[in-house]
Amino acid sequence: VSTQSTGLVKFVKDFKAIAEYVGTKNQFQCKQYYHKFKRRLNLDELIEQNQQKKTEGEEGLRMTVKPTEGASESKKLVSYWTSSEKEDFLKYFALYGKNWKQLAQHITTKSQNQIKNYFQNYKSKLNLPGSLENRAGTSVGSGAIKKEKKRELEVEDNKRTERG
C-alpha cells in the first residue's frame, strides 16, 4: 500500500497534511490520487474502517486491500508469487498454454491479469515460449498427452484439496 494511501487513511481528506506526510507530492497531486484510486483501492472504505478503529481505541493503521468489484473474493491483490504458485503456473502453463482463464481457475490466488503479467515478465527467464513446443517431446497439438497430463493434474488437485 502506498504512502499516499496511508496518508489518506491517517489524515482523511486533508490533502495539505497528506502532501506534507508524503513529502514528494503536492496537495493537488494527492487530491488527484484520491479521486483516481478511490474505487480501485476502496479508499473511502479504508478511511471509514480506520476511523472506527480509532474510536474503539485500536492504534496503528491497518490497510488490507480488498478485491475490486467483479473480482472473486478468493483472489486477493497480492502481487508476490509464492514458490508453489510459481510451480503451479509452470505445470498449468505447460497444459493450457496462454489460456489465462483456465490458468486462473487452477491458480485461485491470482487473477487472469496477474498471471498474464507474470508470464510477460518472466517468459524469457523461464524459457516459456519454448516450453510449449518441447513439452514431453511433442508438438503443441498432441491431444493424447494433453488429456493424460490433464488427468494427472486433476488427481493432484483433488489430493491437495483433500489435504487442505
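Since the structure is predicted, the reported quantities are computational estimates derived from the model, not experimental observations. Just so you know, residue 1 is the first one in the sequence shown, and it goes up from there.
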Which heavy atom of [X] sits nearest a heavy atom of [Y], and at what distance?
X: K110; Y: I115; answer: CB-CG1, 3.8 Å
X: S111; Y: A104; answer: C-CB, 4.3 Å
X: Q120; Y: K123; answer: OE1-NZ, 3.5 Å
X: Q27; Y: A19; answer: N-CB, 3.6 Å

Report the residues that fulfil side chain to side chain contact (heavy atoms under 4.5 Å, CB included) with [X], sequence neighbours left out, ordered by chain and then residue number.
X: K125; result: Y122
X: Q102; result: Y96, N99, Q105, H106
X: K36; result: none
X: S83; result: none

Test ring pair (Phe, Tyr, Trp, His ring centres under 6.0 Å), reference W100, set Y118, F89, F119, output is F119
Take atom NZ of K16 as the centre, draw a 6.0 Å sphere, and report whether it contains more than 12 heavy atoms from other residues, nucleotides or ligands. no
**Prompt:** Got a sec, which residues hit side-chain hydrogen bond (donor to acceptor under 3.5 Å, both in side chains) with Y92, two or more places apart in sequence or on another chain?
**Reply:**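 Result, side-chain hydrogen bond (donor to acceptor under 3.5 Å, both in side chains) vs Y92: D157.
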If you round to the nearest 0.5 Å, how far is [atom2] of [Y] from [atom1] of [X]?
X: Y21; Y: K10; atom1: OH; atom2: NZ; answer: 4.5 Å
X: W81; Y: I107; atom1: CH2; atom2: CD1; answer: 5.0 Å
X: E85; Y: T108; atom1: CD; atom2: OG1; answer: 8.5 Å
X: L103; Y: K98; atom1: CG; atom2: NZ; answer: 11.5 Å

- Sub-4.5 Å side-chain heavy-atom contact between H35 and Q32: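 When only atoms from C-beta onward are counted, Q32 and H35 do not touch, as no gap falls below 4.5 Å.
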Item to complete: Taking the side chain as every heavy atom from C-beta outward, state whether L90 and F93 have any atom pair closer than 4.5 Å.
Response: no
query: In chain order, what residues pass the salt bridge (Lys or Arg N to Asp or Glu O under 4.0 Å) check against K91, with sequence neighbours excluded?
result: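 Applying salt bridge (Lys or Arg N to Asp or Glu O under 4.0 Å) to K91 gives D88, E156.
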